[in-house]
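Basis for what follows: all heavy atoms, side chains included, without hydrogens, waters or symmetry-related copies.
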Amino acid sequence: MVLGTPTGPATATTPSTLQSCTPITSKSANGMRAKLLPPTVAGVDEASERLRSGKLLAFPTETVYGLGANALIESAVVSIFACKGRPMTDPLIIHIPDAASALDCVEFASAAAGEGMSEGRAVFERLTEVFWPGALTIVAKAKKHIPSKVSAGTGFVGVRCPSHPLAQRILAACGVPVAAPSANRFGHVSPTKAAHVMKDLGMSDIAVMNGEDKRELFAVPTCEIGIESTVVKINDETREVIVLRRGAITQRELEEAMRGLGGRGRGGEVFERIVEWKVVIVNTHEEMKGGEEDGDGRVVKKRRKIENAEVVKGEGHVAPGQLLTHYAPDGMDCFLVRPNKLKTNNELDRLKHKVQELGVEGATGGACVVIDFNGALAGCGLGEGCRGVVGYKDLSKKGIVKEAAKNLFAFLRWSEELRGEAGRVLIADIAVVKDSDEVAGVSDRCFRSASGKVIELK
């Protein structure tokens with residue numbers, strides 16, 4: 001295979017931790033323009049006022065930090081794209097404090113005669129009942145007063161009710177819907193700490209709610225999930241819930257919710273009928289084309305790859321997270337490494353011996369940083385202390401997917417610290433190492449950070 005050349009713009013440096021609750025302003029010695037807010041009553045009040053007035057605020061959720069602005073002020077929405085360097089074809093998710101507020105932003109088809117709500121609305125009610133507040137974004141038709149720039153001109157918009165108490169407090173206090181993508185430079189690794197936001201956007205005129213300040217009133221662990229929300233679209237015409245982006249909420253959980261297994265016993269004829277809806281999974285780095293059922297009766301779409309330029313230059317998408325290259329560390333070329341499913345210890349020993357004999361440079365193309373899962377790559381000779389491995393971390397030594405998700409973005413950012421010693425990052429292909437429904441969200445982020453480039457160890 002042909003290995004790529006390390007790329008990525010340099011970024012401004014910033015302290016690795018942000019412990020002080022003293023605001024960082026344009027007058028700070030390090031030249032930062034961003035203002036760091038403490039998670040206090042006064043901090044929440046200031047954050048809420050910024051949002052109401054059309055200014056930018058980065059705030060923590062249970063997934064990643066978001067960069068928010070008043071979704072009803074078009075100039076504020078545009079400032080999000082400008083701050084991140086984000087193409088206008090990549091839509092924003094609207095964050096709200098509850099399901100009732102979401103219905104001020106989206107609408108569904110009219111109900112049939114004699115019924116209180118349409119099937120699409122019933123699906124919305126079911127999903128919000130089970131998963132909100134939480135890491136599920138629901139895409140539906142945007143109401144007319146939502147600026148078209150929020151939806152990338154598609155007429156559809158995603159809404160989410162986050163569960164983190166600090167995000168909930170800010171959203172309730174500001175009283176406006178908040179459009180917010182992740183609070184990082186476009187295409188870079190998503191932020192799970194206030195320090196990550198400051199490193200990427202600290203030179204911009206924003207405020208950053210410091211969720212890691214443990215001394216303050218609303219001190220609750222931030223970004224415990226660690227990857228972005230699952231995004232689904234409700235399609236009334238095809239009677240499908242289409243998963244546009246994988247996340248913490250899995251396909252099986254969605255299917256169970258649709259069958260009422262996760263609900264609280266709502267009744268009625270329209271709710272009985274939504275069990276007939278299908279949950280359709282789309283690999284969102286590829287285009288959906290047609291569909292067919294697999295052996296388990298699940299719909300699988302026929303796909304083709306979509307390159308970044310095709311998304312950025314083309315028409316808007318109805319959901320974020322569609323680009324093939326995303327979550328990429330600066331100055332490092334990332335690869336997924338797939339250890340073939342070896343059947344015997346002898347096969348594994350031979351592979352490990354071969355890798356050690358060649359050295360990492362010979363086996364994978366150069367000195368590298370290794371991000372492992374459950375010791376899979378270490379067992380193949382790509383572990384800590386091996387020749388050519390200048391840095392090693394394991395997403396979860398015990399093979400726990402939720403732990404891997406929580407660590408992934410922080411580890412990818414850590415790899416940037418070693419770019420003077422290595423030019424590439426090797427990431428264990430978690431989907432090969434562990435086959436389960438909950439792997440999909442983490443696997444998707446790993447795939448995109450590597451732009452789909454794979455090294456197979458045979």
Side-chain angles (χ1 to χ4, degrees), residues 1-4 6 189 226-227 246 248 250 327-329 332-419 421-458:
M1 75 180 293
V2 178
L3 303 182
V189 183
I227 60 174
R246 301 293 190 103
T250 68
Y327 318 113
M332 303 291 275
D333 209 7
C334 292
F335 296 86
L336 281 182
V337 179
R338 291 176 178 168
N340 278 11
K341 295 183 178 180
L342 305 174
K343 298 179 180 179
T344 68
N345 289 334
N346 285 337
E347 288 178 321
L348 183 59
D349 288 341
R350 286 198 300 271
L351 173 59
K352 184 174 182 179
H353 176 74
K354 187 66 175 178
V355 170
Q356 290 175 340
E357 178 185 345
L358 293 172
V360 170
E361 294 90 340
T364 67
C368 64
V369 176
V370 174
I371 298 179
D372 207 350
F373 176 73
N374 200 27
L377 299 186
C380 298
L382 296 174
E384 190 170 11
C386 292
R387 182 160 58 98
V389 177
V390 301
Y392 176 90
K393 284 184 180 290
D394 196 316
L395 292 169
S396 176
K397 294 179 180 179
K398 296 182 179 180
I400 300 171
V401 176
K402 288 184 178 180
E403 182 182 11
K406 183 179 177 180
N407 288 330
L408 178 60
F409 289 151
F411 285 10
L412 287 170
R413 284 181 175 263
W414 159 79
S415 73
E416 295 174 339
E417 300 173 12
L418 301 172
R419 64 183 174 224
E421 304 173 54
R424 60 195 68 232
V425 181
L426 306 183
I427 308 169
D429 189 345
I430 188 172
V432 172
V433 178
K434 185 164 187 173
D435 183 15
S436 74
D437 193 30
E438 62 182 347
V439 163
V442 187
S443 178
D444 172 82
R445 298 335 186 258
C446 292
F447 183 91
R448 295 176 195 279
S449 69
S451 301
K453 301 189 301 294
V454 176
I455 295 174
E456 290 195 354
L457 299 177
K458 298 182 179 180

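For the atom pair NZ of Lys398 and CZ of Phe373, the computed distance is 13.0 Å after rounding to the nearest 0.5 Å. Ile427 CD1 to Ser449 OG: the interatomic distance, rounded to the nearest 0.5 Å, is 3.5 Å. Interatomic distance, CZ of Arg338 versus CD of Glu456, reported as 6.0 Å (0.5 Å rounding). For the atom pair CD1 (Ile371) and CG (Leu377), the distance works out to 10.5 Å, reported to the nearest 0.5 Å. Here the CZ atom belonging to Arg448 is positioned 10.0 Å from the OG atom belonging to Ser443, to the nearest 0.5 angstrom. In this structure, OG in Ser451 is found 9.5 Å from CZ in Phe335, a value given to the nearest 0.5 Å.
In plain terms, the two heavy atoms of Trp414 and Val369 that are nearest each other are CZ3-CG1, 3.3 Å. Pairing each heavy atom of Leu412 with each of Tyr327, the nearest pair is CD1-O, 3.7 Å. Heavy atoms only, all atoms of each residue included: Asp372 and Ala378 are closest at OD2-N, 2.9 Å. Taking both residues in full, the closest heavy atoms of Phe409 and Val189 are given as O-CG1, 3.4 Å, listed atom of the first, atom of the second, then distance. Taking every heavy atom of both residues into account, Ile227 and Gly441 meet most closely at CD1-C, 3.7 Å. Across Ala422 and Ala367, no two heavy atoms sit closer than the pair CB-O, 3.5 Å.
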task = Starting from the C-alpha separation in whole Å, work towards a yes-or-no answer on side chain to side chain contact (heavy atoms under 4.5 Å, CB included) for Leu426 and Leu382.
result = CA-CA 9 Å; Leu426 306 183; Leu382 296 174; 4.3 Å; yes

ask   = What's the verdict on side chain to side chain contact (heavy atoms under 4.5 Å, CB included) for Ser396 and Asn407, showing C-alpha distance, side-chain angles and the deciding distance?
value = CA-CA 8 Å; Ser396 176; Asn407 288 330; 5.7 Å; no

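In terms of modelled atom types and a separation under 3.5 Å, the side chain of Arg445 and the main chain of Arg246 share a donor-acceptor contact. Remark: the backbone N or O of Leu336 is not paired with any side-chain donor or acceptor of Asp429 at under 3.5 angstrom. Looking only at distances, no side-chain donor or acceptor of Asp437 sits under 3.5 Å from a matching main-chain atom of Thr250. A donor-acceptor pair is defined here as one N or O able to donate and one able to accept, closer than 3.5 Å; no such pair exists between the side chain of Lys406 and the backbone of Glu403. Judged purely by atom type and a 3.5 angstrom limit, Asn374 has no side-chain atom pairing as donor or acceptor with the backbone of Ala376.
Put simply, the side chain of Val425 does not reach to within 4.5 Å of the side chain of Leu418, judged on heavy atoms.
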